[in-house]
Amino acid sequence: LAFALLGKFRGGPAKASVIASGLTGMVSGSSTANVVTVGTFTIPLMKKAGLTSTKAGAIEVAAGVNGQLMPPIMGAAAFIIAEFLGLSYTNVMIAAVIPAFVCYMSLFFIVHLESCKLGLKGMEQGAGISKLKIFVSGLHYLIPILVLLYTLLIANESPISAAFNAICVLFLIILFQEPVKKIAHGEDVGKEDFIIGFADIFWAMVTAAKSMTTIAIATGLAGIIVGSISLTGVGQVLSEVVENLAGNNIVLILFLTAIMSLILGMGLPTTANYIVVSSLVAPVILFLAHKNGFLIPAIAVHLFVFYFGILADDTPPVGIAAYAAAGIAKANPVTVGVQGFFYDLRTTILPFSFVFNNKLLLIESVNAANPNDAKGIVWITNPLEMALIFGTALVGMFAFSSALQGYFVKRVSMLERALLLCVVPLTLVPNMCAKYIPFIANEYVSYAIGVSLYSALFAFQWIQNKAEKRVGVGA
């Protein structure tokens, strides 16, 4: 469906890869599975469209790794975050939704910039391709997700109940999809069609059990670690070590945590990495942040750890997703990992942004006396404010992506790149700009300056580009 929608546009296969990986990420909790599932189709098409093996693999890695950020599944970590913090699963999804969509749309923009720089064209598609027919043919695969969301958001049942209901519906689909397809084509249905469904269910359960062992072990060990820390006083020692290394600099504390998550993520699956690092470091960050006058909600810190645990999947030298993509692209896994991490640098600024600007998580305020109190969170419910936060965050991420790629409407100068980087804090952390920049009175002024600067740069480059094309045509 993604290729049918986007294949004919500039760099279409790469854009289709981003959309397909985002949609797959909604139902898959594994970066590697996402890369292999989607990349098998999209990487050869990207190479055929003109991308190098390294860039084709790296785009798929960046898209596949970010799939774990997408609600409603989020690599099973969302359920664990909800359990740790005493939040409802719905609140975790609400907090994660803007960063996830901003992340994917900015990757889509990066792919567009790469396509423009390389002069890529769209790919010819076969005649008679019906996008509606493609969509309808796979519509039944969405039913379990809709059941999951209904049970969670409307019926207000527990995550366990929602997962159970969705799995039961999925089993029914697996059993009856082949017989229904045969009936639709006027073919005879035999008992072997049902046997295939039962076999698929059996092997799916076996695979699921195997994949859950690492999470079960990590959860058990995390419990031991937490118990040991609380009984032996190691937590206080760890707090002192981090505080001595970082001083009173909360940014440095977060930076050290990010490095720890990346290192641990080289040897642990994402969810296991999140469990271990959040158990060890999250309480330290919250304590030191509160001590230094920063009101950071616990969910912001836990999502911070989760984001950097995900990024470990494409971080050399042990980026598992990068190895998977490199195998399909027939490229060097280290260079694929480096290029993939370069594309994902935009993802690294998001966690720092939402830690200091909680509105990116749709959090209006927290309990000043106890930021860890989940019940003390006041959520943003105004649709206009939500749209403003989402739109300005998108502008900030687009500006960062252009500065990173050195391309906007056309190639950017060093001054234009610097101005694009100025847009980033103005739109992503307007509260901090209002606090530390004298002429910015409030967040809305920061938003206005950032968006105006971005628009002015776009207009300037667009006019320049038009003029250069006219000169070229005249010559």
Side-chain angles (χ1 to χ4, degrees), residues 94-95 97-99 101-103 105-106 109 248-255 285-286 288-297 299-301 303-304 346 348-371 376-404 408 412 414-461:
I94 289 169
V97 70
I98 284 183
F101 277 94
V102 165
C103 196
M105 292 177 77
S106 59
F109 185 62
N248 289 324
N249 191 327
I250 188 66
V251 176
L252 192 51
I253 293 169
L254 292 170
F255 180 75
I285 295 175
L286 290 166
L288 294 178
H290 187 60
K291 180 180 176 182
N292 290 295
F294 289 96
L295 292 177
I296 301 175
I299 189 172
V301 175
L303 285 174
F304 180 94
R346 78 200 189 291
T348 64
I349 68 168
L350 263 178
F352 285 94
S353 300
F354 63 61
V355 162
F356 292 108
N357 178 21
N358 302 154
K359 287 188 176 181
L360 288 172
L361 302 178
L362 295 179
I363 295 174
E364 181 69 52
S365 62
V366 295
N367 184 350
N370 183 14
I377 294 176
V378 177
W379 299 91
I380 294 171
T381 55
N382 186 336
L384 290 177
E385 190 169 3
M386 290 180 185
L388 176 66
I389 293 164
F390 177 72
T392 50
L394 205 56
V395 168
M397 289 295 281
F398 279 12
F400 184 77
S401 301
S402 289
L404 206 63
F408 195 9
V412 299
M414 290 303 294
L415 175 60
E416 289 168 334
R417 192 180 293 224
L419 291 173
L420 283 167
L421 288 174
C422 290
V423 173
V424 180
L426 290 168
T427 50
L428 287 177
V429 283
N431 54 328
M432 303 304 288
C433 292
K435 184 176 180 180
Y436 293 109
I437 301 177
F439 61 85
I440 296 179
N442 54 50
E443 295 176 17
Y444 298 105
V445 173
S446 182
Y447 284 142
I449 294 172
V451 173
S452 299
L453 181 56
Y454 185 80
S455 302
L457 285 168
F458 176 83
F460 178 73
Q461 282 223 318

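All of these numbers come straight from a predicted model, not from anything done at the bench.
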Study note, to complete from the structure: d(F109 CZ, R346 CZ) to nearest 0.5 Å is 12.5 Å
Point to revise | is_close_aromatic(F398, F408), centroid dist under 6.0 Å | key: no
Practice item. Taking all non-hydrogen atoms of both residues into account, name the closest pair between F352 and V251 and its distance. Key: CE2-O, 4.1 Å
Practice item. May I ask you to test the P351-L303 pair for a side-chain heavy-atom distance under 4.5 Å? Key: no
Study note, to complete from the structure: Closest heavy-atom pair, V429 versus S353, reported as atoms and distance to 0.1 Å, is CG1-O, 3.7 Å
**Study point:** Heavy atoms from other residues, nucleotides or ligands near CZ of F101 exceed 12 (cutoff 6.0 Å)
**Key:** no
**Study point:** From CD1 (I363) to CD1 (I94), nearest 0.5 Å
**Key:** 10.5 Å
**Study point:** side chain to side chain contact (heavy atoms under 4.5 Å, CB included) assessment of V412 paired with S402
**Key:** CA-CA 8 Å; V412 299; S402 289; 5.6 Å; no
Study note, to complete from the structure: Correct closest heavy-atom pair for C433 and P425 would be SG-O, 3.3 Å
Practice item. Mind checking the CD1-CG spacing from I296 to N358? Nearest 0.5 Å is all I need. Key: 7.5 Å
Review point. Are L453 and C422 side-chain neighbours, meaning at least one heavy-atom pair lies under 4.5 Å?
Key: yes
Practice item. Search all heavy atoms of V424 against all heavy atoms of G396 and return the closest pair with its distance. Key: CG2-O, 3.6 Å
Exercise for review: Please report the C-alpha distance between N357 and L428 in whole Å, then the side-chain angles of each, then the deciding distance to 0.1 Å, and finally whether the side chain to side chain contact (heavy atoms under 4.5 Å, CB included) criterion is met.
Suggested key: CA-CA 7 Å; N357 178 21; L428 287 177; 5.9 Å; no
Check your understanding: Step by step, would you call L420 with F400 a side chain to side chain contact (heavy atoms under 4.5 Å, CB included)?
Key -> CA-CA 7 Å; L420 283 167; F400 184 77; over 6 Å; no
Review point. With no hydrogens and no angle check, is any side-chain donor or acceptor of S446 less than 3.5 Å from a backbone partner on L426?
Key: yes
Point to revise | Check: I389 and L360 side chains under 4.5 Å, non-hydrogen atoms | key: yes
Review point. Are M397 and L350 close enough that some pair of their side-chain heavy atoms sits under 4.5 Å apart?
Key: yes
Check your understanding: Any side-chain heavy-atom pair from L384 and L388 closer than 4.5 angstrom?
Key -> no
**Study point:** Check: F356 main-chain N/O paired with N431 side-chain donor or acceptor under 3.5 Å
**Key:** yes
Revision key, fill the gap. So CG of L419 and OH of Y454: to nearest 0.5 Å the spacing works out to 13.5 Å
Review point. What distance separates S365 OG from I380 CD1, expressed to the nearest 0.5 Å?
Key: 9.0 Å
Check your understanding: Could you state the interatomic distance from CD1 (I440) to NZ (K435), rounded to the nearest 0.5 Å?
Key -> 14.5 Å
Practice item. Could you tell me whether the side chain of F354 reaches within less than 4.5 Å of the side chain of I98, counting heavy atoms only? Key: no
Check your understanding: Do you know which two heavy atoms are closest between G450 and V423, and how far apart they sit?
Key -> O-CG1, 3.6 Å
